[in-house]
Amino acid sequence: MKVAFASSEVFPFAKTGGLGDVTGALPKYLHKLGIDVKVFLPKYAVIDHSKYNLDYSYPIGEMPIRLAGTTHQVRVFHSYLPGSQVEVYFIDCPHYYHRKHIYTNDADEDERFILFNKAVIESLQRLNWKPDVINCADWQTGLLPLYIKDNYSWDRFFDQTATIMTIHNVGYQGRFPKETVHKAEIRPELFFENSPIEIWGSVSFLKAGLMYADAINTVSETYAREITTSEYGEGLEGVLRYRINDFQGILNGVDYTVWNPETDKFIPAKYSIESMEEKRMNKKYLLETVKMKYDPDIPLVGIVSRLVAQKGFDLIVKSIYDLMNMNLQWAILGSGADEYENLFRSLSYAYPDKVFSYIGFHDELSHLIEAGADIFLMPSRYEPCGLNQIYSLKYGTVPVVHKTGGLADTVQDWHEYFARGEMSGTGFSFEHYLPSALVSTMHRAAGVYRDRETWGRIMYNGMIKDFSWEASARKYIDLYHKAIYNHRFR
Ligand code: ADP
Ligand code: GLC
């Protein structure tokens, strides 16, 4: 089976969050299961050309791509996902991609991804490589299913090509004004109230993907259920209910070649389930590095996150007084909304012995915090899957989470499982999205931390969990078969 992946992020080349982790890993595991995979990504300015040995792709050559009345010369570069034979194609169009950030608020953000969607299709034609499935990720690739079924349907080459729309976050829908219909060369008659590409008066790339794809999935089972409701569906719940027979949740896996405390190249003291006590050397190192006092009796709380409301920072803001009054230390890494960046900056200024914060993106530090912290806090309002809590389990860093989406599917509350007569809890969770629930759960966690034996048991329970990609990759293959069936026989 041949599968093309199109994504706006692929680790290690370009990443702002978990999407990059997923598209940098899943293709490798599919390849191990015998799937022929190629990955497509825009060639942003941040991608280090020489570090990854990018070659010009002669089979593709120069492609003229028309967009909004202008023809752009697009070139394609080629490399491999590190440690694998999975080919990655980088769509190069300096006008659109040589900017400071991967995503922008520029007025032509729609054009940047229209061009990407077209270029993926035209690269496939020029490579003469006919995929059985194109797996799209999020709104940035949402036009592909529509293009394959409509704009490029003249090309019999794609007759047998099915499309999958994977939702990594329904909160981002690629909504643009009506003029985008023209720029994207979508037939104008496809745009009307409640049409397959329209939501609340705007064009939505994600909605187009959901309506035209042969099958749809998202990244955890609980989130799949949640987004068919108006509370979580962000207006697309009706579409998902309409497509319910073609829609499922598949939990993300973890690339344990990157996230494993036994082999992690960024942490000074490697450790495993047999040598859990070594973990404290990382805590010591982290605290010394950031000039905070090391005290084994004070739990260190880690946060690594995009600083956006989705991640539960409004709860943290509302409970900050109570949290700062607890005997905890904090190591916070993130970037995003000014409000939260400023809060964490000022906290580390006001409480230098208690709070360390780094505002920005820092891959190495994210590993160090995973290894050094005792507790990992992730109180997301909603969470499609979430990867950091799963990394935390492997690092023996006990997660405290809001019980939603993928957080509910991966973290078992210690007290709840204890009450059920099991000792299988792996973290602490709270059901109601309220500041008081967050604070009392932090108190529960800090209380248990004092009981070293129990804490060790919770760490152990998390560290033995296996969220490797193999099982999920098999589910993706089943989904591909389903999409192929839908495409050919319905
Ligand atoms: P999301 O995709 O919603 O941001 P996930 O938990 O799925 O959330 O994935 C987040 C990924 O991005 C993790 O690999 C995490 O380590 C990484 N990450 C987030 N913020 C930063 C940051 N400031 N510096 C380094 N890595 C970060
Ligand atoms: C999104 C979601 C996150 C998920 C990631 C990878 O960014 O917010 O929950 O883990 O995609 O699927």
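The model shown is predicted, which means the values in this text are computed figures rather than measured ones. Atoms within a ligand are numbered from 1 in the order they appear, just like the ligands themselves.
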**Q** Heavy-atom contacts with Gly18 under 4.0 Å: which atoms of ligand 2 show up? List them by number with element.
**A** 5 (C), 6 (C)
**Q** Between the side chains of Ser220 and Asn252, does any donor sit under 3.5 Å from an acceptor?
**A** no
**Q** For Lys293, is there an ion pair with Glu288 - N to carboxylate O distance below 4.0 angstrom?
**A** no
**Q** Got an N/O contact under 3.5 Å between Cys385 and ligand 2?
**A** yes
**Q** Using a 4.0 Å cut-off to any heavy atom of Leu19, which atoms of ligand 2 qualify?
**A** 5 (C), 6 (C)
**Q** Atoms of ligand 2 less than 4.0 Å from Arg306 heavy atoms?
**A**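 Here the atoms of ligand 2 in question are 8 (O).
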**Q** In terms of side-chain geometry, is the basic nitrogen of Glu341 or Arg345 positioned less than 4.0 Å from the acidic oxygen of its partner?
**A** yes
**Q** Please identify each residue that fulfils side chain to side chain donor-acceptor pair (under 3.5 Å) with Glu9, with sequence neighbours left out.
**A**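 Per chain and number, Glu9 pairs via side chain to side chain donor-acceptor pair (under 3.5 Å) with Thr16, Tyr103.
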**Q** Looking only at the aromatic ring of each residue, does the gap between the centers of Tyr340 and Phe313 stay below 6.0 angstrom?
**A**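 Centroid distance Phe313-Tyr340: below 6.0 Å, so yes.
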**Q** Is the Phe428 ring parallel, tilted or perpendicular to the Trp455 ring (thresholds 30°, 60°)?
**A** parallel
**Q** Less than 3.5 Å apart, any donor N or O on the side chain of Gln389 or Thr410 sitting next to an acceptor on the other?
**A**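 Their side chains do contain a donor-acceptor pair, which is all the 3.5 Å distance test asks for.
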**Q** Can you list the atoms of ligand 2 that are under 4.0 Å from a heavy atom of Val219?
**A** 12 (O)
**Q** Out of all atoms in ligand 2, which are within 4.0 Å of some heavy atom of Val22? Include the element for each.
**A** 6 (C), 12 (O)
**Q** Consider only side-chain N and O atoms of Thr229 and Glu231, and report whether a donor and an acceptor are under 3.5 Å apart.
**A** no
**Q** Show which atoms of ligand 2 fall inside a sub-4.0 Å distance from at least one heavy-atom site of Gln310.
**A**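 Numbered from 1, ligand 2 contributes 8 (O).
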**Q** Could you identify the single nearest non-hydrogen protein atom to atom 9 (O) of ligand 2 and state the distance to 0.1 Å?
**A** Glu383 OE2, 2.4 Å
**Q** Could you list the residues that satisfy side chain to side chain donor-acceptor pair (under 3.5 Å) with Gln248, not counting sequence neighbours?
**A**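 Partners of Gln248 under the side chain to side chain donor-acceptor pair (under 3.5 Å) test: none.
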**Q** In terms of atom number and element, which parts of ligand 2 are under 4.0 angstrom from non-hydrogen atoms of Pro384?
**A** 2 (C), 8 (O), 9 (O)
**Q** So is Gly406 close enough to ligand 2, meaning a heavy atom under 4.0 angstrom away?
**A**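 For ligand 2, residue contact (heavy atoms, under 4.0 Å) with Gly406 is absent.
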**Q** Using the test salt bridge (Lys or Arg N to Asp or Glu O under 4.0 Å), find all partners of Asp106 that sit at least two apart in sequence or belong to another chain.
**A** Arg99
**Q** For each nitrogen or oxygen atom of ligand 1, which protein N/O atoms lie closer than 3.5 Å, and how far apart are they, rounded to 0.1 Å?
**A**
| residue | atom | partner | partner atom | Å |
| --- | --- | --- | --- | --- |
| ligand 1 | 2 (O) | Gly18 | N | 2.6 |
| ligand 1 | 3 (O) | Arg306 | NH2 | 2.8 |
| ligand 1 | 3 (O) | Lys311 | NZ | 2.7 |
| ligand 1 | 4 (O) | Arg306 | NE | 2.7 |
| ligand 1 | 6 (O) | Leu387 | N | 2.8 |
| ligand 1 | 6 (O) | Asn388 | N | 3.4 |
| ligand 1 | 7 (O) | Leu387 | N | 3.3 |
| ligand 1 | 8 (O) | Lys311 | NZ | 3.1 |
| ligand 1 | 9 (O) | Gly18 | N | 3.1 |
| ligand 1 | 14 (O) | Lys15 | NZ | 2.8 |
| ligand 1 | 14 (O) | Asp21 | OD2 | 2.6 |
| ligand 1 | 16 (O) | Asn388 | ND2 | 3.3 |
| ligand 1 | 23 (N) | Gly360 | O | 2.8 |
| ligand 1 | 24 (N) | His362 | N | 2.9 |

**Q** Can you tell if the side chain of Ile102 reaches within under 4.5 Å of the side chain of Val46, non-hydrogen atoms only?
**A** yes
**Q** Return the closest protein heavy atom for atom 12 (O) of ligand 2 as residue, atom name and distance.
**A**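 The answer is His168 ND1, 2.6 Å.
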**Q** Short list, please: which atoms of ligand 2 are under 4.0 Å from a heavy atom of Asn169?
**A**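 Contacts of ligand 2 toward Asn169, numbered from 1: 8 (O).
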**Q** Testing the 3.5 Å rule here: is there a donor-acceptor pair between the side chains of Tyr391 and Asn260?
**A**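 Side chains of Tyr391 and Asn260: no pair found under 3.5 Å.
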**Q** Could you say whether the N/O atoms of Gly386 and ligand 2 ever approach to under 3.5 Å?
**A**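 Yes.
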**Q** Ignoring hydrogens and geometry beyond distance, is a side-chain donor-acceptor pair present between Glu237 and Ser230 at under 3.5 Å?
**A**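 No, no side-chain donor-acceptor contact under 3.5 Å.
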**Q** Under 4.0 Å from ligand 2, counting heavy atoms only, is it the side chain of Asp21, its backbone, both or neither?
**A**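 Contact part for Asp21 vs ligand 2: neither.
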